[in-house]
There are 2 protein chains.
Amino acid sequence: MGRTSDAREKLLNAALDLIWTSSYGGVSVDDICARADVNKGSFYHFFPSKSDLAVAAYEAHWQSTQPGLNQIFSPDTDPLDRLHQCCARLYDAQKMKFAEYGFVVGCPYANAGSELATQDPKIRAKAQEMRDRWMDYLERTIRDAVALGLAEVVDPRSAAQQVYSCFLGTLLQSKILNDPDILLQLEPAIFRLLRANVPTAVAA
Amino acid sequence: MGRTSDAREKLLNAALDLIWTSSYGGVSVDDICARADVNKGSFYHFFPSKSDLAVAAYEAHWQSTQPGLNQIFSPDTDPLDRLHQCCARLYDAQKMKFAEYGFVVGCPYANAGSELATQDPKIRAKAQEMRDRWMDYLERTIRDAVALGLAEVVDPRSAAQQVYSCFLGTLLQSKILNDPDILLQLEPAIFRLLRANVPTAVAA
DNA sequence: CGCTTAGTTTACCGATCGGTCAAGTTGACC
DNA sequence: GGTCAACTTGACCGATCGGTAAACTAAGCG
């Protein structure tokens, strides 16, 4: 009943793009509506507020990237190779964004958390949810690596937290220097943290 | 000639406080003036724009913290103890801010870089300058540690970059979770990165 | 003392902010 | 084909945004 619309999806995409490449505070509702080619009234038909849209946009982005993550972090893959693939894809993705926009844009969830953790509880909670999801992938991978004797860590959960910190920090440093090649230091850092040997031959 | 004033310093302090605990975009010039108890006209007498004030506030903050950093990173101190002291003070500082505001506020320069690197060249450059200054402390410390046989790294500059990523990432993760105790994982991560043994007895 | 210059005050600017509203339009479903 | 709910439209809101201007005041200095 009633008519259908893709305005909601267009708003989600526009919001993610604009906020990711600039910042939450630097993008207005009017900007998002203009990019999505949607009237402001429609915006508030679908979302009660700007921050609700942002939260929904992050969730939609996660849903769209999750299949890829499930593939990278498949239990059938060698644990260290999962981490290698993850770093490689992260580098490629950031390099593509850099080529497109001229800027290293970093991690959208981390950007949001950094900007709004002290100001908007819903966005802080969403950023935390995203980190928890990442942490699950990392912890499982580290547990598998330890079980196979490929890594040595005391506590896999703590190790996952340290590895995740490396992700966040390297991405942020790369954004601050506006240099994607900073990300090349991510994989060696992670392998050192896990006391894992760099795989001599990595699947191309 | 002409009258003197402390309005400039009051503006610098107010801006740093407000922006640090919320965000650049979340704080208005009026907010800063109100906190500093300075009229808006005076604001623009001292600073050409809001972002110029922010840059000046970060520089002033650096100048005020540099003596402490010089002490922590004194060449006379054992290199690993420098890192330990640094982590300990960072934890204490964030814990104090957390007790005061109810939030983990993170690193002011990193926050600024994360929010504005793609939007404001002057602020991105300032964030980069701050990271370069930190990198110098870290690289020197790592070189000293290697020279004393306390650490094993291939390239001190790259290692410093990895360690700095751990700082940034752990602070950011701590902010996103709003939990200062996340920072307790920072020191072990750094020592693992440097293949350094945790000092058995650390000066209290 | 008086001049000069630095700093203060306050009212004001146009633009934009996030958000609202009521009237209109359309399509899915019976 | 009618109906009703879903969606669209565009004008509108008060508040706030970063920034300006000009008259005013006071302190350092000769």
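Here is how names work: the chains are called A, B, and so on, in the same order as the sequence lines, proteins then strands, and each is numbered from 1. This structure is a prediction, so every number in the text was calculated from the model and none was measured.
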Colleague: I need the B:Asp52 CG to B:Lys122 NZ distance, nearest 0.5 Å.
Modeller: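 If we round to the nearest 0.5 Å, B:Asp52:CG and B:Lys122:NZ are 3.5 Å apart.
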Colleague: side-chain contact (heavy atoms from CB on, under 4.5 Å) for B:His84 and B:Leu80? Distances and angles first, verdict last.
Modeller: CA-CA 6 Å; B:His84 167 72; B:Leu80 298 188; over 6 Å; no
Colleague: Quick check for you: to the nearest 0.5 Å, what is the distance between B:Gln94 atom CD and B:Asp179 atom CG?
Modeller: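 Between atom CD of B:Gln94 and atom CG of B:Asp179 there are 11.5 Å.
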Colleague: Can you tell whether the side chains of B:Lys97 and B:Glu100 come within less than 4.0 Å, N to carboxylate O?
Modeller: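 No, no charged N to carboxylate O under 4.0 Å.
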Colleague: Angle class for the B:Trp134/B:Phe73 ring planes (parallel below 30°, perpendicular above 60°, tilted otherwise)?
Modeller: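 Correct class here is perpendicular.
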Colleague: Which pairs, protein N/O on one side and nucleotides 28-30 of chain C N/O on the other, fall under 3.5 Å?
Modeller:
residue : atom : partner : partner atom : Å
C:dA28  : O4'  : A:Gly2  : O            : 3.4

Colleague: Report yes if at least one side-chain N or O of A:Ser5 is closer than 4.0 Å to OP1 or OP2 of D:dA6; otherwise report no.
Modeller: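 Negative; the distance criterion is not met.
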Colleague: When you check the side-chain N and O atoms of A:Gln185 and B:Gln162, is any donor under 3.5 Å from an acceptor?
Modeller: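 Yes, side-chain donor-acceptor contact under 3.5 Å.
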Colleague: For B:Glu59 and B:Gln63: C-alpha separation, side-chain torsions, deciding distance, then whether side-chain contact (heavy atoms from CB on, under 4.5 Å) applies.
Modeller: CA-CA 6 Å; B:Glu59 180 61 28; B:Gln63 294 299 337; 2.5 Å; yes
Colleague: Looking at residues 15-30 of chain A, who's got a heavy atom less than 4.0 Å off DNA chain D?
Modeller: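 Within residues 15-30 of chain A, no residue comes under 4.0 Å of DNA chain D.
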Colleague: Does any residue of residues 36-54 of chain A have a heavy atom under 4.0 Å from DNA chain C, and if so, which ones, in number order?
Modeller: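 Under 4.0 Å from DNA chain C: A:Lys40, A:Gly41, A:Tyr44, A:Ser49, A:Lys50.
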Colleague: Measure the spacing between CG of B:Leu172 and OG of B:Ser114 and express it to the nearest 0.5 Å.
Modeller: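 Rounded to the nearest 0.5 Å, the CG-OG separation comes out at 6.5 Å.
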Colleague: Taking A:Asp136 first and then A:Arg157, would you say they form a salt bridge - that is, a charged N and a carboxylate O separated by under 4.0 Å?
Modeller: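 Yes, charged N to carboxylate O under 4.0 Å.
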Colleague: Would you tabulate the side-chain donor-acceptor contacts of residues 11-32 of chain B under 3.5 Å, counting partners in other chains and residues two or more places apart, or write 'none'?
Modeller:
residue : atom : partner  : partner atom : Å
B:Asn13 : ND2  : B:Glu9   : O            : 3.3
B:Trp20 : NE1  : B:Gly106 : O            : 2.8
B:Thr21 : OG1  : B:Asp17  : O            : 2.9
B:Thr21 : OG1  : B:Leu18  : O            : 3.3
B:Ser23 : OG   : A:Gln119 : NE2          : 2.7
B:Ser23 : OG   : B:Gly26  : N            : 3.1
B:Tyr24 : OH   : B:Ser51  : N            : 3.1
B:Ser28 : OG   : B:Asp30  : N            : 3.4
B:Ser28 : OG   : B:Asp31  : N            : 3.0
B:Ser28 : OG   : B:Asp31  : OD1          : 3.4
B:Ser28 : OG   : B:Asp31  : OD2          : 3.1
B:Asp30 : OD1  : B:Lys40  : NZ           : 3.2
B:Asp31 : OD2  : B:Ser28  : N            : 3.0

Colleague: Please state how far atom CG in A:Leu116 lies from atom P in C:dG18, giving the value in whole angstrom units.
Modeller: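 A:Leu116 atom CG is separated from C:dG18 atom P by 13 Å.
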Colleague: Does A:Arg8 form a side-chain contact (heavy atoms from CB on, under 4.5 Å) with A:Phe47? I'd like the steps, not just the answer.
Modeller: CA-CA 9 Å; A:Arg8 192 186 139 88; A:Phe47 303 100; 3.4 Å; yes
Colleague: When the side chains of residues 188-196 of chain B are checked against the rest of the protein, which donor-acceptor pairs come out under 3.5 Å, sequence neighbours left out?
Modeller:
residue  : atom : partner  : partner atom : Å
B:Arg192 : NH1  : A:Glu152 : O            : 3.1
B:Arg192 : NH1  : A:Leu193 : O            : 2.3
B:Arg192 : NH2  : A:Glu152 : O            : 2.8

Colleague: Find the distance B:Leu11:CG to D:dG19:C1' and express it as a whole number of Å.
Modeller: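 Interatomic distance, CG of B:Leu11 to C1' of D:dG19: 15 Å.
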Colleague: End-to-end bend of the helix from C:dC1-D:dG30 to C:dC30-D:dG1 (five-pair axes, 10° rounding)?
Modeller: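 Between the first-five-pair axis and the last-five-pair axis there is 10°.
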Colleague: Please examine the side chains of A:Leu186 and A:Tyr91, heavy atoms only from C-beta on, and report whether any two atoms are closer than 4.5 Å.
Modeller: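 A:Tyr91 vs A:Leu186: side chains apart.
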